[in-house]
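Presented below is the structure to which this report refers.
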2 protein chains.
Amino acid sequence: MADGRVERGNQTRRAVLDRTMSIASVDGLEGLSLGKIAADLGLSKSGVFALFGSKEDLQLATVRAAVDVFLNEVVRPVHRDPDGLSKVWRLCERWLDYSRRRVFPGGCFFYAVSAEFDARPGPVRDEIAKVRSDWTRYVERLLDEARPAGGFGSPEDTDAVPQLAFELMALMELANAHSVLHGDPLAYERAGRGILGRLRAVAAAPEELPERPPVFSSSS
Amino acid sequence: MADGRVERGNQTRRAVLDRTMSIASVDGLEGLSLGKIAADLGLSKSGVFALFGSKEDLQLATVRAAVDVFLNEVVRPVHRDPDGLSKVWRLCERWLDYSRRRVFPGGCFFYAVSAEFDARPGPVRDEIAKVRSDWTRYVERLLDEARPAGGFGSPEDTDAVPQLAFELMALMELANAHSVLHGDPLAYERAGRGILGRLRAVAAAPEELPERPPVFSSSS
DNA sequence: TTACCGAACGCACGGTCGTTCACTCAGTGG
DNA sequence: CCACTGAGTGAACGACCGTGCGTTCGGTAA
């Protein structure tokens, strides 16, 4: 089996999700409208509906599709790099670039939908919370793996890694928020500077990290 | 003139805005519904509509009302304190407490509506952007005023203040986001620790700042 | 008293929303 | 060949949306 009927369905689903990811990053997952999507893609409203079963299922599918994009854009490019704080820095660089390049037109997809659903119980919020936990744990794991290589924090300070992960993620997210709201690319430079500052402060070999982040805002 | 008729209108307006601020911090400004609000307050839909002129005007009025709450909760309590990094720290403490106490049930009002409107042009987004700029400038001003007192950064490093303001705000906002999404008060401790770390790193007299933030997550 | 003003109401409007249902049609598996 | 399945259609549904209009009522000012 596989080709023909079901494959056509998968392609349509993919096309729908490409649209909904873009829309949701700007207008939120609640801003998705079956009618609008159908009109955009030249389909019938009921056809789009039937492909996903319900609006909530469409929202969940959109979140999962965005995870896949995020993994391709941010996580996988550095996944095989050698452990160390340089790898953490490259991951952060990828993240800032993912936001800066507007892979999703509204900036980071997960920033938008987290803020939208963070206080609204339900399956969508649960999925978003799970995705964010996974991301947090991944950053912490990379920092943990950098410990023997770069060495930072005293071994008994078990909170150094989550604390540092928290600070890095905070800088990345505000860069996204500030840049999208004010259209100011300088925010990415500030975040990069802050991240490098934190990483160099704990690094056993700071010279392996750049002194300054790449410049995105040409003021000349 | 003044009393009687128009005063009654002002009281109703205040009651409406109290509701809309709460709703918007959870469901967003787009989640406001004239019908719902009217039903909640025992008014007619058209009555609520007439009080504000349009839904967009209601959204704008809600943002401005939230600014007033924010000023009362965060800014004014420390406004007369003596300049210095201690004042900056107290401001950050007030902010974290404002988020933690859920002055707005969905956490920080401006975090919610910024993420909602950051990529959606229009008067509401412009108002939100202006409010955030004002807040940023206030933090930077306090840091600037702390310079002669506490002294930090070389005088020619004109970017030290905005950079530090960016990092402090990033930590505060992620604390709010993480706490609302995951119900985890530990985030406030992490933010406080990060903020104190940054402030103590630049302070001429670090002993005037606490070593650790107050503990909010009782794990015992 | 008379004239006016703003709050608040009731009603109806045009539109959009998510969802349902019966249906066609084409590819799949026995 | 036949039975079946899933993609996609089209019309209709009930609910809710923001908005406009005409009106009522009570407080204000001449």
Side-chain angles (χ1 to χ4, degrees), chain A residues 1-20 23-24 26-63 65 113 116-117 120-125 127, chain B residues 1-20 23-24 26-63 65 113 116-117 120 122-125:
Chain A
M1 82 157 109
D3 252 70
R5 198 177 52 203
V6 44
E7 186 51 29
R8 186 162 58 105
N10 286 341
Q11 283 185 358
T12 310
R13 253 181 285 263
R14 170 63 47 188
V16 169
L17 291 177
D18 280 346
R19 286 292 300 139
T20 57
I23 295 173
V26 174
D27 293 326
L29 286 167
E30 218 59 73
L32 295 178
S33 143
L34 296 177
K36 279 270 172 53
I37 297 159
D40 278 10
L41 302 183
L43 300 175
S44 71
K45 197 166 64 151
S46 51
V48 175
F49 177 84
L51 278 174
F52 293 91
S54 76
K55 179 171 180 182
E56 189 173 85
D57 285 336
L58 174 60
Q59 293 174 326
L60 287 168
T62 301
V63 173
V113 301
E116 185 183 7
F117 275 86
R120 245 188 271 186
V124 178
R125 174 232 175 100
E127 180 71 18
Chain B
M1 79 156 112
D3 251 70
R5 198 178 50 203
V6 43
E7 186 50 29
R8 188 163 55 104
N10 286 341
Q11 283 184 358
T12 310
R13 253 181 284 265
R14 171 62 48 187
V16 170
L17 291 177
D18 279 346
R19 286 291 301 138
T20 57
I23 295 173
V26 174
D27 293 327
L29 286 167
E30 218 58 73
L32 296 177
S33 143
L34 296 177
K36 278 270 172 54
I37 297 160
D40 278 11
L41 302 184
L43 301 175
S44 71
K45 200 167 63 154
S46 50
V48 176
F49 177 81
L51 278 175
F52 292 91
S54 75
K55 180 172 179 179
E56 190 174 85
D57 285 336
L58 174 59
Q59 293 174 328
L60 287 168
T62 301
V63 172
V113 302
E116 184 184 7
F117 275 85
R120 245 188 271 185
V124 178
R125 174 230 173 102

Atom pair CZ/CZ of A:R120 and A:R125 - distance to nearest 0.5 Å: 11.0 Å

Under 3.5 Å, sequence neighbours excluded: what are the donor-acceptor pairs made by side chains of residues 51-59 of chain B?
unit_1 : atom_1 : unit_2 : atom_2 : d
B:S54  : OG     : B:E56  : N      : 3.4
B:S54  : OG     : B:D57  : N      : 3.1
B:S54  : OG     : B:D57  : OD2    : 3.4
B:K55  : NZ     : B:E30  : O      : 3.3
B:K55  : NZ     : B:L32  : O      : 2.9
B:Q59  : NE2    : B:L29  : O      : 3.0

Interatomic spacing from OG in A:S33 to CG in A:D27 - rounded to 0.5 Å: 10.5 Å

5′-ward residue of the pair B:R8/A:G9 relative to DNA chain D: A:G9

Residues which pass salt bridge (Lys or Arg N to Asp or Glu O under 4.0 Å) with B:D40, listed by chain and number, not counting sequence neighbours: B:R19

Protein-nucleotide distance (A:E7, atom CD; D:dT5, atom C1'), rounded to Å: 16 Å

Separation of C:dG6 P from B:R13 CZ (nearest whole Å): 10 Å

Rounded interatomic separation in angstrom, taking CG from B:L41 and P from C:dA7: 16 Å

Phosphate contact (D:dA11 OP1 or OP2) by A:S46 side-chain N/O below 4.0 Å: no

Heavy-atom side-chain contact between A:N10 and A:E7 under 4.5 Å: yes

Residues A:T20, A:L17; criterion side-chain contact (heavy atoms from CB on, under 4.5 Å); working and verdict: CA-CA 5 Å; A:T20 57; A:L17 291 177; 3.8 Å; yes

Reading 5' to 3' through nucleotides 12-18 of chain D, protein heavy-atom contacts under 4.0 Å coded B for base, S for sugar-phosphate only, - for none: -----BB

Euclidean distance, atom CD1 of residue A:I37 to atom P of D:dG8 [Å, nearest integer]: 15 Å

Rounded distance (Å) that lies between atom P of C:dG6 and atom CZ of B:F52: 16 Å

